[in-house]
Amino acid sequence: MTVRDGIRVRVYADLTGATSLAPCPVLRYNPPSTWRRVDMAQIIRIQDVAQHVGEQVVLQGWLYNRTDKGKLQFLQVRDGTGFAQCVVFQKDVSPEVFKVVQELTQESSMVVTGTVRQDDRAPGIPGGYEIGVADLEVIQLAQDYPIQLKEHGIEFLMDHRHLWVRSQLQWAVLRVRATVVRAIRDWLDQHGFVNMDTPILTPAACEGTSTLFETDYFGESAYLAQSGQLYNEANIYAFGRVYCFGPTFRAEKSKTRRHLTEFWMVEPEATFCDLDQLMEIGEQFISYIVQTCLRERGQELALLGRDTSHLERVVPPFYRVSYDQALEMLVEIREQTDDEELKALLQIEWGDDFGSPHETELTKRFDKPVFVYGYPTRAKAFYMEPWPGRPEISKSTDLLAPEGYGEIIGGSERISDPELLLQRLKEWNLPREAFEWYIDLRQYGSVPHSGFGLGVERTVTWICGLDHLRETIAFPRMLKRVYP
RNA sequence: UCCUCGGUAGCUCAAUCGGCAGAGCGGCCGGCUGUUAACCGGUUGGUUGUAGGUUCAAGUCCUACCCGAGGAGCCA
């Protein structure tokens with residue numbers, strides 16, 4: 001961008017770009033030492049704009065969009081807390097300032113001074129208020145911002161994820177995520193769960209199933225954690241109830257809208273807790289998270305076009321369906337469909353775990369989350385407590401989110417009998433040496449205990465009503481994506 | 001790993017039977033005092049993913065490869 005007459009006394013010349021004969025140096029950035037002084041008391045955040053009607057205020061932010069009407073300019077300004085319309089009439093500002101405004105580009109940073117007024121025509125978040133601009137100072141005139149306010153392809157947007165997060169919908173989703181994370185911590189903290197951080201570098205697979213990311217650990221192999229559960233089972237004997245909350249890693253080559261290679265999971269674990277009590281904890285927990293989002297992030301959910309009536313129904317009790325019942329439902333669903341492709345996808349026999357198509361079809365038939373419990377032992381992990389009198393099924397449960405969203409929680413009651421645990425390790429062909437400490441936990445005051453893992457991104461995807469979980473984390477890591 | 005779809009201007013996409021590679025957006029120039037991804041006029045913009053092949057002629061047909069998306073499996 002070249003500097004035009006009238007714009008500036010305060011410019012920074014980019015000497016590296018000044019080799020041409022052009023008399024116009026490149027306008028780069030106006031350092032803070034050159035900014036005009038403003039009264040700190042006047043600086044407000046857009047989210048608080050309604051409290052300042054009639055006052056002269058200062059906004060510090062970036063230009064989201066501009067509509068040029070000639071002698072009237074509409075600026076959509078964002079400051080991180082919201083989006084506000086700033087209206088500039090030529091007659092209200094100096095000729096110099098108006099010229100600056102006419103040349104403002106998308107994402108230019110600026111300080112705006114003006115008077116807040118209520119106006120139903122004003123768009124924004126929150127809308128209904130606008131700033132009648134008296135003065136405006138540019139901090140940096142942005143050049144050729146690549147993301148337009150129109151549809152783009154996902155590859156392009158992901159390549160520009162560092163800028164895409166500024167867009168309204170992404171901003172809304174990530175604010176919902178932050179609220180989900182806080183609600184998770186609040187509920188657990190208030191219900192006696194002690195936060196314990198579990199290791200990310202681990203010696204081997206916790207469950208011995210998923211593929212792990214291998215890393216060099218001073219000449220030996222270590223693996224990025226796929227779960228903190230086994231460590232939590234140690235911690236509960238010290239603290240009663242604990243949870244770990246952190247990133248978790250799966251090297252599966254999953255290529256779907258439900259998978260990331262790096263995702264965030266919260267894993268509560270509790271002593272003196274059986275499967276029924278675990279499901280009660282789960283439904284209270286999930287309901288709190290959803291209701292907190294409805295209460296605090298209604299604006300963002302509205303922006304996302306989320307039909308919140310689905311979420312309002314998310315209160316205890318949730319449905320509970322046994323694996324056997326669910327299987328019957330699936331067989332019936334399969335018989336009733338004329339869709340040959342769906343018929344093939346829903347093919348299942350007793351003993352198989354449910355795949356994604358099964359979960360999707362099941363949850364379409366429930367208007368709030370449903371616990372499926374009692375999965376076949378052979379479809380689940382080695383540490384799950386067998387069902388009393390029915391060793392072929394386990395005291396396990398998945399919580400399936402409605403509207404086709406599927407599994408957001410996976411949990412179980414854990415084996416507390418040392419003899420049974422040893423037997424299971426043998427059956428699963430797991431090396432006893434690696435699990436000595438874990439076996440130890442069953443030797444010193446073993447009690448019934450249970451826990452589950454909740455996937456943060458899947459939960460946010462469901463609450464926001466998105467069709468892909470990649471937008472629920474600032475910088476997603478996927479099979480084909482580690483940049484930026 | 002398997003199946004399906006795709007790759008054309010900075011971005012989003014057209015291009016009929018194989019016959020001059022186009023539009024909108026963005027950028028640039030001009031106009032407009034209530035716009036909501038403003039609108040109107042003008043203008044700028046191309047190694048059609050890569051390498052071969054068929055043909056008078058290839059964005060279009062054939063072969064191989066690269067990259068991406070969706071789905072399966074696996075899972076939260």
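Computed over heavy atoms, backbone and side chain alike; hydrogens, waters and symmetry mates excluded. Letters A, B, ... are given to chains in the order of the sequence lines, protein chains preceding strands, and every chain is numbered from 1.
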Q) Mind checking whether A:Y243 and A:F193 have ring centres under 6.0 Å apart? A) no
**Q.** Test item: A:D398 and A:L400 side chains (from C-beta on) under 4.5 Å apart, heavy atoms
**A.** yes
Q) Does atom CZ of A:R45 have more than 12 heavy-atom neighbours from other groups under 6.0 Å away? A) no
Q. Expressed in whole Å, how much space separates the P atoms belonging to B:rU8 and B:rG68?
A. 14 Å
Q | N or O in side chain of A:K150 less than 4.0 angstrom from B:rC11 OP1/OP2 | A | no
(Q) Using the side-chain heavy atoms of A:T256, tell me which of these nucleotides is nearest: B:rG73, B:rA37, B:rA76. (A) B:rG73
Q: Please state whether the phosphate of B:rC13, meaning OP1 or OP2, lies under 4.0 angstrom from any side-chain nitrogen or oxygen of A:H152.
A: no
(Q) Heavy atoms from C-beta onward define the side chain here; which of B:rC75, B:rU1, B:rG34 lies closest to that of A:R458? (A) B:rC75
(Q) Checking contacts here: which listed nucleotide (B:rA76, B:rG70, B:rG73) is nearest the side-chain heavy atoms of A:R470? (A) B:rG70
Q) Which whole number of Å gives the distance between the C1' atom of B:rG22 and that of B:rU48? A) 13 Å
Q. Taking only side-chain nitrogens and oxygens of A:R258, does any of them come within less than 4.0 Å of OP1 or OP2 of B:rA72?
A. yes
Could you list, one pair per line, each protein nitrogen or oxygen that sits under 3.5 Å from a nitrogen or oxygen of nucleotides 40-49 of chain B, together with the distance?
none

Q.
Tell me whether the count of non-hydrogen atoms from other residues, nucleotides or ligands lying under 6.0 Å of NZ in A:K71 goes above 12.
A. no
Q | Short side-chain N/O contact from A:S356 to OP1 or OP2 of B:rA72, under 4.0 Å | A | yes
**Q.** Proximity of A:Y483 and A:F475 rings by center, below 6.0 Å
**A.** no
Q. Side-chain N or O of A:K71 less than 4.0 angstrom from OP1 or OP2 on B:rC32?
A. no
Q: State yes or no: are the ring centers of A:F354 and A:Y323 separated by less than 6.0 Å?
A: yes
Q.
Taking any heavy-atom pair under 4.0 Å as a contact, classify A:G406: base, sugar-phosphate, or nothing.
A. nothing
